[in-house]
Amino acid sequence: MDTWRKSSHSGGGDGNECVEVANSPTHVSIRDSKSPTRAILTLTTPTFTAFIDALKTTPESQ
């Protein structure tokens, strides 16, 4: 079973405005912290890394 942890950018208050992630050597799973029993997005580790790198280079994220 994956161990979920909240993003370090959880926002103020109780930190419910974020995503949670769980990882293994082969994949990273992502879920909405407000609805943890709903859909989970699972990506291979290289795909997740590419996704995060792309977010870092978009003008909206700066």
Side-chain angles (χ1 to χ4, degrees):
M1 174 60 70
D2 291 325
T3 302
W4 293 96
R5 63 190 185 286
K6 286 189 179 182
S7 164
S8 60
H9 300 281
S10 297
D14 56 8
N16 283 338
E17 296 181 18
C18 70
V19 296
E20 295 175 322
V21 295
N23 63 312
S24 77
T26 60
H27 71 274
V28 177
S29 298
I30 308 160
R31 69 182 182 185
D32 184 343
S33 64
K34 294 182 299 294
S35 303
T37 59
R38 296 189 76 190
I40 295 171
L41 175 64
T42 300
L43 305 170
T44 64
T45 302
T47 301
F48 180 76
T49 301
F51 172 70
I52 295 300
D53 288 344
L55 288 176
K56 290 177 183 179
T57 62
T58 60
E60 295 83 18
S61 65
Q62 297 179 14

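Predicted model only: the values in this text are computed from it and were never measured.
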(message) As a quick check of understanding, evaluate side-chain contact (heavy atoms from CB on, under 4.5 Å) for W4 and I40, giving each step before the final call.
(response) CA-CA 11 Å; W4 293 96; I40 295 171; 3.8 Å; yes
Between [X] and [Y], is there a donor-acceptor pair closer than 3.5 Å when you use the side chain of the first and the backbone of the second?
X	Y	result
S33	C18	yes
T47	L43	no
S35	D32	no

(request) Determine whether V28 and F51 make a side-chain contact, defined as any pair of heavy atoms from C-beta on separated by less than 4.5 Å. (result)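 V28 vs F51: side chains apart.
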(request) Hey, could you give me the CG/OG1 distance between N23 and T3, rounded to the nearest 0.5 Å? (result)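 The distance works out to 9.0 Å.
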(message) Nearest 0.5 Å, please: how far is NE2 in H27 from OG1 in T42?
(response)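 Going from OG1 on T42 over to NE2 on H27, the span is 5.5 Å.
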(message) Going by side-chain hydrogen bond (donor to acceptor under 3.5 Å, both in side chains), E20 matches just one of K34, K6, R31. Which one?
(response)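 Of all the options given, the one that passes is R31.
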(request) Not counting sequence neighbours, which residues clear side-chain hydrogen bond (donor to acceptor under 3.5 Å, both in side chains) with T26? List them please. (result)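 Only S24 meet the side-chain hydrogen bond (donor to acceptor under 3.5 Å, both in side chains) criterion with T26.
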